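Fair warning: this is a prediction, and the values are worked out from it, not measured in the lab. We count ligands from 1, going down the list as the structure has it; atoms in each ligand are counted the same way.
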Amino acid sequence: MVEVLEQMYEGKAKKIFRTSDPRLFMVDYKDDATAFNGLKKGTIKGKGYYNNQISAIFFKYLAEKGIPNHFVELTGERSMLVKDLEIIQVEVVARNIVAGSLAKRIGKPEGTKLPFPILEFYYKSDELGDPMINKYHIKALELATEAEMEEIAKISFKVNELLCERLAPLNIELVDFKLEFGRHQGKVLLGDEISPDTCRFWDTGTHEKLDKDRFRRDLGKVEEAYEEVLRRLTGGNKNV
Ligand code: UDP
């Protein structure tokens, strides 16, 4: 049994603690919510619990399907044990349907289906507001090697396929999502979280938003949306 030691880092949505095992960290998910690079702040009651549980379900599922990731085990309602990663400072966004910043950038309405999934890369820097970058910037800035980016792109497309397959029977459309990766024992490993904070989930029939856009756009029923995603993933059974 690993013992939780001192807090090492506090981010916008999570706190990271050292543990008695130097190769493992404990992630504590917070109810704090931010949007627009920290300009909008708030609290979503229960978000820490929902995002921790939802991420754990996705990480377990992806590991079973051959996508290794940093998740080790749940340690509490809002916390999980993860492997240490040397975080690659690139955020990967995968998209199936036009929404959010892409709608603005290319002038197509939200909801336009893309002919095939696409990937975008962003430089993980709060100071710069996470600007979009391409593979040449990534190589020139030495954020990752070409081989690592090939692996990251391959994993991201596979994660997209697997998540779409998992969500389709639950009547959830995966519009887009963000992934983060790190280095672990010389390999690229999927890290961070997969939750309504980092994905756009739309109800397939009604196109109702079941994600953080409800907070970003003041649509109301924010907690309910997070709860609904977990409810559909567990079939209402919290001990799954
Ligand atoms: N996203 C994220 N963190 C970020 C930026 C985006 O998790 O810092 C997720 C977001 O939830 C959405 C996808 O990445 O699922 C694409 O976001 P987009 O570029 O459209 O930006 P947004 O409209 O959220 O500003």
Among all protein heavy atoms in this structure, tell me which lies nearest to [atom], with the distance rounded to 0.1 Å.
atom	result
atom 13 (C) of ligand 1	Asp176 OD1, 3.5 Å
atom 23 (O) of ligand 1	Arg200 NH2, 2.8 Å
atom 4 (C) of ligand 1	Glu91 OE1, 3.8 Å
atom 2 (C) of ligand 1	Lys178 CE, 3.5 Å
atom 10 (C) of ligand 1	Arg216 NH2, 3.5 Å

For ligand 1, indicate whether the residue [X] contacts it via side chain, backbone, both or neither (heavy-atom separation under 4.0 Å).
X	answer
Glu120	neither
Ala35	neither
Arg95	side chain

| said: Go through it in stages, so that I can follow the logic: the residues are Val229 and Tyr50, the test is side-chain contact (heavy atoms from CB on, under 4.5 Å), and I'd like the CA-CA distance, side-chain angles, deciding distance and then a yes or no. | reply: CA-CA 8 Å; Val229 173; Tyr50 297 123; over 6 Å; no

| Considering all heavy atoms of both residues, which atom of Ile194 and which atom of Thr198 are nearest to each other, and what is their separation? |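 So the minimum-distance heavy-atom pair works out to CA-OG1, 3.7 Å.
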
About how many Å separate [atom2] of [Y] and [atom1] of [X], when rounded to the nearest 0.5 Å?
X	Y	atom1	atom2	answer
Arg183	Leu85	CZ	CG	10.5 Å
Gln53	Tyr226	CD	OH	15.0 Å
Leu233	Phe58	CG	CZ	4.5 Å

| message | Heavy-atom contact check, 4.0 Å cutoff: does Phe36 meet ligand 1? | response |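 No.
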
| query | Does ligand 1 have an atom under 4.0 Å from some heavy atom of Asp197? | reply |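 Contact present.
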
| query | Is the shortest distance from atom 6 (C) of ligand 1 to a protein heavy atom below 4.0 Å? | reply |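 Answer no: nothing from the protein, no heavy atom, is under 4.0 Å.
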
